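Both backbone and side-chain heavy atoms feed into the values below; hydrogens, waters and symmetry mates do not. Positions are given from 1, in the same order as the sequence printed here. What you see is a predicted model, and the numbers here were worked out from it, not measured in a lab.
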Amino acid sequence: MATVTYQSSNSGSLLCVDHAENLIAAGGENGAVNLWDSATQQLLHQYVPDDSDDDCTSLRFTKDSSLLFAAFNKKICQFDKRTFLTPVETHHYNIEEINQLNINDKETLLASCDDSGETKIFSLQERKVIKTLRYKHSNICSTVVFRPNHQWEVMTAGLDCKLIHWYFAKPKVMNEINMQELLGENIDEAQILNPPLIHHINFSPNGFFLACALENGIVKVFDSNRKHLRDRFSLRGHNQGVSQVDFLSNRFMVSGGNDKQIIVWDLEKLGGSGEGANGAGVVQPQQLNGHMTNGQGSAHGNTAHEGVSVNGDDDDDDDVDDSHNNNTADCKVFTTLLSNKVNWLKPVAISNQYYILVADESTKLSRITIDGL
C-alpha cells in the first residue's frame, strides 16, 4: 500500500473531500477550502470565508470540475475553478447547519440536508428551491443521495435511525426504514449503547446497491435494483461507528470509521454483484416482513402504512434470505489502520488503478493506493 499526502494550511481538521478530473478539494474545520492538482499534489488555491467560525461540512464538484459547491453552516457557496478565490454565487435556503450536498446524474439539481431534518432540492438551472422534504426525520438529517437513473428519487438518512426513500416530484415517501426495528431481532447490549444512527449512505454506480454506514459498526447493504429497497447484507468489520461508505466500482465497496479503519469489501464474494448490464448473477434478497413501510401518500403525513413488504407488486420473484449472511471475513479484500478517525472518504479510479482519498482529524489529506482488485 502506498500513501500520498496533500499538505494544507490554516484548515484545522479536514471534514470533507471531493474529486473531479485532475482536481481535489477538501474542506476544514475553520471553513478553509483547499484545491490541489491531483497529479502533482500542488496546492493551487485556498479559500477562507470571512466568518472562519463556519466549518466547511460538504463539497461537491460537477463532473467536469468546472464548478464546486461548498457548504458553510447554513449557506452554500458556488465556485468557478477559474475564479476560485471568490464565490460566484451564494445560496441561503437551509434553516440549520448543512451536513451534506449532492448533485443528481444530469447535474440539474442540488440537494442539501441539515440539522433540522429537512432536505432542500435546488434547481441549478432555475436557481431556486423547487422542493423541501420535511416532517419525516425527527432528528438530524446527516446524509442525502440521488438515486441513479431515477430522475425524481432521492434517499435521506439521519440520527433518528431512519432511511427515507422519497419520490420528490409530488413529494411522497416510497419507503421508510427504521434501522432499530430492522436490526432489533438480534439486539444486544452493544447496540443499545451504540444505536444504528445513520451517518452516510451511497449507491453503487449502477444503482444496484445502497450502502448505509451505521453508528453500531455495521455496514447495511440493500438491493436497490428494483422499485423498492430490499435488505441484503449486514457487514461487520468495524468495532466502532462507521462514518463513511462509498463504492470503488459496482463490485467493490469501501467503508471508513471511528475505529480508524478503512475496509474494502468484495460484494461478489457474498453472492451479490451489480456487474453486468442487467445485473446478471444478483441473488434476489429477502422480503422484510414488515420492518419497512411502503409510503403511500403525502410526505407530510405522520406515518406510512405499516407492515407492507418492501417489494412492490412488480417484485414477485422467488426470494433468497441472505441478508443475515454475516460471514464477512471472506469479502474483506483490503484493510488498513490510520492514525485518525475517518471524517470523509472519496474513491477514485485513474487508469485502472483504485485510490481512496481520506479526510481525517488531521490537517493532511491522504491518497491511499489500493492494489490487487
In terms of hydrophobic clustering (I, L, V, M, F, W, Y; side-chain heavy atoms under 4.5 Å; direct or indirect links), are [X] and [Y] co-clustered?
X	Y	result
V88	I103	no
V4	W36	yes
V17	V348	yes
Y167	I164	yes
F334	V358	yes

Is [Y] close to [X] at the side-chain level, that is, under 4.5 Å between some pair of heavy atoms?
X	Y	result
L373	V264	yes
V154	V144	yes
S243	K341	no
L345	L357	no
F84	L68	yes
I95	K74	no
N216	P195	no
I262	L338	yes

Inter-residue atom distance [X].[atom1] - [Y].[atom2], 0.5 Å rounding:
X	Y	atom1	atom2	answer
L365	T5	CG	OG1	8.5 Å
K364	N34	NZ	CG	13.5 Å
L35	I24	CG	CD1	9.0 Å
I350	S38	CD1	OG	5.0 Å
N250	F252	CG	CZ	11.0 Å
K136	T119	NZ	OG1	13.5 Å

Heavy-atom pair with the smallest gap, counting every atom of [X] and [Y]:
X	Y	result
V342	Q244	CG1-CG, 4.4 Å
C77	T90	SG-OG1, 3.9 Å
R127	L124	NH1-O, 3.5 Å
Y93	K128	OH-CA, 4.3 Å
R236	W265	C-CH2, 4.0 Å
P196	L183	CB-CD1, 3.9 Å

_Run R251 and D266 through salt bridge (Lys or Arg N to Asp or Glu O under 4.0 Å) and show every step you take._
CA-CA 6 Å; R251 173 178 174 179; D266 183 352; 2.7 Å; yes
*Residues that R147 engages under salt bridge (Lys or Arg N to Asp or Glu O under 4.0 Å), provided they are two or more places apart*: E153
Would a distance-only check, ignoring hydrogens and angles, find a side-chain to backbone donor-acceptor pair under 3.5 Å from [X] to [Y]?
X	Y	value
S204	F209	yes
N202	V245	yes
S13	G28	no

Indicate yes or no: does [X] engage [Y] in a salt bridge with an N to O separation below 4.0 Å.
X	Y	answer
D330	K269	no
K220	D231	yes
K63	E21	no

*Candidate pair L110 and F69, rule side chain to side chain contact (heavy atoms under 4.5 Å, CB included), full reasoning*: CA-CA 9 Å; L110 176 74; F69 296 88; 4.0 Å; yes
Using the benzene-type ring in the case of Trp, are the ring centres of [X] and [Y] under 6.0 Å apart?
X	Y	answer
F79	Y47	yes
F122	H91	yes
W344	H200	yes

Can you find a side-chain donor-acceptor pair between [X] and [Y] that sits under 3.5 Å?
X	Y	value
K81	S65	yes
S112	K120	no
H199	T143	no
E176	H165	no
N94	D114	yes

_Worked check of side chain to side chain contact (heavy atoms under 4.5 Å, CB included) between L229 and M174_ = CA-CA 9 Å; L229 302 178; M174 298 181 67; over 6 Å; no
*Cation-pi geometry met for R367 and Y355 (6.0 Å, 45°)*: yes
